[in-house]
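Worksheet: the structure to be examined is printed underneath.
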Amino acid sequence: MSAQILDGKGLSARLRARLRQRAEALAAQGRQPGLAVVLVGDSPASQLYVKNKIRACEESGIHSLQHCLPQETSETALLELIGQLNVDEAVHGILVQLPLPPHIDVRRVLAAIAVEKDVDGFHVHNVGHLTIGNPGLPPCTPAGVMALLEDAGIDLAGKHAVVIGASNIVGKPMALMLLAKGATVTICHAKTRNLTQHTIFADVVVAAAGCPKLVRKQMIQNGAVIVDVGINRLPDGTIAGDVDFDEVQQIAGWISPVPGGVGPMTVTMLMENTLRAAEQSMFCCSQGEK
Ligand code: GUN
């Protein structure tokens with residue numbers, strides 16, 4: 001028996017059509033949602049990610065502004081640009097593509113983005129909101145995973161979820177979101193001694209380790225839900241996830257493919273956050289006018 005597919009591409013197309021209607025409704029009230037994307041340097045991978053985000057804006061009716069800065073851009077110049085975007089009323093979301101060049105302090109940059117425009121959900125205030133269960137802007141990749149699981153009707157209450165990877169961007173917020181839905185969560189990471197000892201008892205495994213084909217068939221139990229966050233470029237130029245898809249899909253209950261799983265969902269959640277930020281800004285303005 002082979003696993004059912006967590007189809008991020010299909011779900012994204014459906015969600016983006018709905019986002020477009022919301023964007024058009026806002027535009028009709030004179031407030032087209034706007035996303036500013038800042039790219040420093042010329043990493044081909046980052047350029048590709050940014051291109052995908054700009055294309056998604058077009059599909060979702062969001063105005064995009066791209067700022068491509070040279071690799072040698074100073075931290076001061078980047079902070080100045082962020083300061084301008086923070087007060088630009090046409091900009092509702094600001095995304096600074098990571099990683100940044102090593103001479104720039106990423107923490108200082110993320111902290112400089114206005115919390116209400118932090119559509120990546122990386123600002124410590126939004127991390128805090130997520131931690132205590134406040135509504136805020138959630139980070140896009142784990143939010144995309146949760147949307148995929150919800151769309152498939154997978155109930156997480158009481159389930160044992162294992163997250164592989166403890167990054168600030170994916171692993172840690174992923175664990176918090178699963179916990180908020182009632183799962184019992186284990187976070188595994190590079191120093192975890194026996195990974196299989198944890199994954200073999202998992203009802204849900206989210207692989208976000210950045211290690212191609214790390215998760216093998218013998219590491220999971222029959223019927224487990226397997227979500228693959230990995231996007232790894234192999235020496236032959238092909239892309240592989242963190243899960244050995246061909247092998248694992250033979251025994252999993254559900255599995256997300258790479259490409260076409262979490263990747264498009266991440267970008268769709270970025271659009272969702274931008275829409276939410278724009279709607280929220282409108283609400284704030286109308287409140288202020290009273
Ligand atoms: N680099 C890799 N993933 C991401 C992401 O989700 N947001 C940003 N800003 N940069 C990234």
Side-chain angles (χ1 to χ4, degrees), residues 8 12 34-57 60 62 64-69 71 73 75 78-79 81-82 85-86 91-102 104-115 117-127 130 136-148 163 165-174 176-177 206-211 227-233 239 241-242 256 258-259 261-274 276-277:
S12 280
L35 174 67
V37 179
V38 181
L39 174 63
V40 185
D42 48 15
S43 149
S46 290
Q47 283 171 340
L48 183 61
Y49 288 137
V50 165
K51 202 173 124 196
N52 286 340
K53 288 166 186 174
I54 302 294
R55 196 186 315 130
C57 283
S60 312
I62 293 171
S64 61
L65 306 97
Q66 213 177 323
H67 295 265
C68 294
L69 309 176
Q71 174 80 10
T73 301
E75 186 179 297
L78 180 56
L79 292 173
L81 172 61
I82 291 170
L85 297 172
N86 279 345
V91 172
H92 305 99
I94 302 169
L95 177 138
V96 178
Q97 186 64 31
L98 304 179
L100 288 168
I104 297 179
D105 183 340
V106 64
R107 279 187 235 186
R108 221 174 280 159
V109 169
L110 296 179
I113 296 171
V115 179
K117 296 190 180 189
D118 169 39
V119 285
D120 252 331
F122 294 166
H123 192 290
V124 284
H125 285 197
N126 280 318
V127 176
L130 176 66
L137 291 167
C140 302
T141 298
V145 172
M146 296 307 284
L148 264 181
V163 179
S167 70
N168 289 337
I169 293 180
V170 184
K172 289 179 200 165
M174 185 77 254
L176 287 168
M177 288 183 194
V206 180
C211 186
V227 185
D228 193 346
V229 178
I231 303 177
N232 308 288
R233 189 170 289 277
I239 299 290
D242 284 0
S256 70
V258 176
V262 176
M265 289 303 296
T266 296
V267 182
T268 300
M269 291 301 115
L270 175 66
M271 302 299 111
E272 164 71 36
N273 277 353
T274 305
R276 216 190 280 180

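Numbers here simply count residues along the sequence, with the first being 1. Below, each value reflects all heavy atoms present in this structure, side chains not excepted, and no hydrogens, waters or symmetry copies. Read the numbers this way: they start at 1 and go in the same order the structure lists the ligands and their atoms.
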(request) Would you check if L81 and T73 make a side-chain contact, meaning some heavy-atom pair closer than 4.5 Å? (result)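 No. Closest side-chain heavy atoms not under 4.5 Å.
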(message) Less than 4.5 Å apart, side chain to side chain, heavy atoms only: is that true for H92 and R276?
(response)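 When only atoms from C-beta onward are counted, R276 and H92 do not touch, as no gap falls below 4.5 Å.
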(message) Please check this pair: side chain of T274 against backbone of L35, looking for a donor-acceptor N/O pair closer than 3.5 Å.
(response)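 Looks like no, no N/O pair under 3.5 Å.
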(message) I'd like to know if the side chain of K117 and the backbone of L85 have a donor-acceptor N/O pair within less than 3.5 Å.
(response)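 At least one qualifying donor-acceptor pair exists.
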(request) Going by heavy-atom distance to atom 9 (N) of ligand 1, choose the closest among D120, L98, L39. (result)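 Nearest option to atom 9 (N) of ligand 1, by heavy atoms: D120.
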(request) Give a yes or no on whether atom 1 (N) of ligand 1 lies under 4.0 Å from any heavy atom of the protein. (result)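 Given the 4.0 Å limit, the answer for atom 1 (N) of ligand 1 is yes, a protein heavy atom qualifies.
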(request) Would you mind telling me if ligand 1 is within reach of the side chain of F122, the backbone, both or neither, using heavy atoms under 4.0 Å? (result)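 Looking at F122 and ligand 1, just side chain atoms fall under 4.0 Å.
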Please determine if [X] has a nitrogen or oxygen closer than 3.5 Å to a nitrogen or oxygen of ligand 1.
X	answer
V96	yes
Y49	no
Q97	yes

(message) Give me the atom names and distance for the closest heavy-atom approach of L110 to H123.
(response)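 What the structure gives for the nearest pair is O-CD2, 3.4 Å.
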